[in-house]
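Inspection log for the structure reproduced underneath, given as structure tokens.
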Amino acid sequence: MTAPVDRECSSTYALAPGSLRRLPAEARMRLTLLRWSGDIAAAIEVLSRLTRNALRHAQPVHGAPARMTVRLAVAEDEVLAIDVQDPRLDVPLSQAAIKGETGRGLHYVRLLGATVSCFLSQDMRFKTVRAQLVRAWSITG
């Protein structure tokens, strides 16, 4: 994000299939409360793809329960950042995956108009996959 964040919310979920079932309804409510005027259905699908990827690829090797954090942030320029943070640092995303050239999840995220990036937390304990969506502007503004 280049513009400052204007409004945001975050929640933590178990890295478990049950979390994926409740995310769409919760995301719709949160995006409405954040007053993001972009394509909410596309944003929910992007979030669903990112969280499915986390569930599939970020399970701890030792099998212990793990959590992911989902953050939705709207910048002053109305760009929506969808962050999914997980504890698996040893599963970095390749540039090919980020560009949507391998697998289907991130490829579809890009087809929905999102740009994708991946970075580690400053304390090196978490990986975050970020998708950014720009609000589609209408002729009337």
Side-chain angles (χ1 to χ4, degrees), residues 1-122 124-141:
M1 298 186 110
T2 56
V5 171
D6 184 45
R7 46 207 189 271
E8 67 181 300
C9 64
S10 62
S11 296
T12 302
Y13 300 90
L15 265 173
S19 297
L20 298 183
R21 287 189 288 275
R22 21 184 275 238
L23 271 168
E26 288 183 16
R28 180 174 302 282
M29 177 193 65
R30 293 179 193 281
L31 289 166
T32 300
L33 291 172
L34 289 172
R35 300 177 322 279
W36 187 60
S37 55
D39 185 344
I40 289 180
I44 291 169
E45 185 60 29
V46 167
L47 175 61
S48 294
R49 298 285 173 150
L50 295 183
T51 54
R52 262 184 271 170
N53 275 359
L55 181 63
R56 184 176 302 121
H57 301 294
Q59 293 294 334
V61 176
H62 49 76
R67 301 190 69 73
M68 66 181 159
T69 299
V70 172
R71 176 178 170 260
L72 303 173
V74 181
E76 289 177 354
D77 60 2
E78 288 299 309
V79 172
L80 173 67
I82 301 169
D83 292 347
V84 176
Q85 182 183 69
D86 68 62
R88 279 297 298 269
L89 302 179
D90 61 329
V91 185
L93 290 178
S94 67
Q95 285 301 310
I98 290 171
K99 291 177 183 176
E101 296 170 353
T102 62
R104 294 183 308 268
L106 294 181
H107 175 73
Y108 193 68
V109 165
R110 292 177 56 83
L111 288 176
L112 288 167
T115 57
V116 179
S117 60
C118 180
F119 54 91
L120 299 178
S121 62
Q122 288 184 338
M124 303 295 284
R125 292 179 46 219
F126 301 99
K127 171 185 76 232
T128 299
V129 178
R130 173 175 287 167
Q132 291 183 288
L133 286 169
V134 177
R135 185 193 105 168
W137 295 94
S138 66
I139 294 174
T140 58

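Excluded from the calculations below are hydrogen atoms, water molecules and symmetry mates; all remaining heavy atoms, backbone and side chain alike, are included.
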Partners of [X] by side-chain contact (heavy atoms from CB on, under 4.5 Å), sequence neighbours excluded?
{"X": "I40", "answer": "R28, L31, T32, W36, I44"}
{"X": "A41", "answer": "D39"}
{"X": "R52", "answer": "L20, E45, S48, R49"}

How far does [atom1] of [X] sit from [atom2] of [Y], to the nearest 0.5 angstrom?
{"X": "T115", "Y": "L133", "atom1": "OG1", "atom2": "CG", "answer": "7.5 Å"}
{"X": "Q85", "Y": "F119", "atom1": "CD", "atom2": "CZ", "answer": "8.0 Å"}
{"X": "L80", "Y": "R130", "atom1": "CG", "atom2": "CZ", "answer": "10.5 Å"}

Applying side-chain hydrogen bond (donor to acceptor under 3.5 Å, both in side chains) to S11 and not counting sequence neighbours gives R30
Non-neighbouring partners of S121 that pass side-chain hydrogen bond (donor to acceptor under 3.5 Å, both in side chains), sequence neighbours left out
D123
By the salt bridge (Lys or Arg N to Asp or Glu O under 4.0 Å) test, which pairs, at least two apart or in different chains, include something from residues 13-22?
R22-E26
Restricting to pairs with a member in residues 7-16, which pass salt bridge (Lys or Arg N to Asp or Glu O under 4.0 Å), not counting sequence neighbours?
R7-E78, E8-R71
Do [X] and [Y] have side-chain heavy atoms sitting under 4.5 Å apart?
{"X": "L50", "Y": "L106", "result": "yes"}
{"X": "V84", "Y": "L47", "result": "yes"}
{"X": "V70", "Y": "D83", "result": "no"}

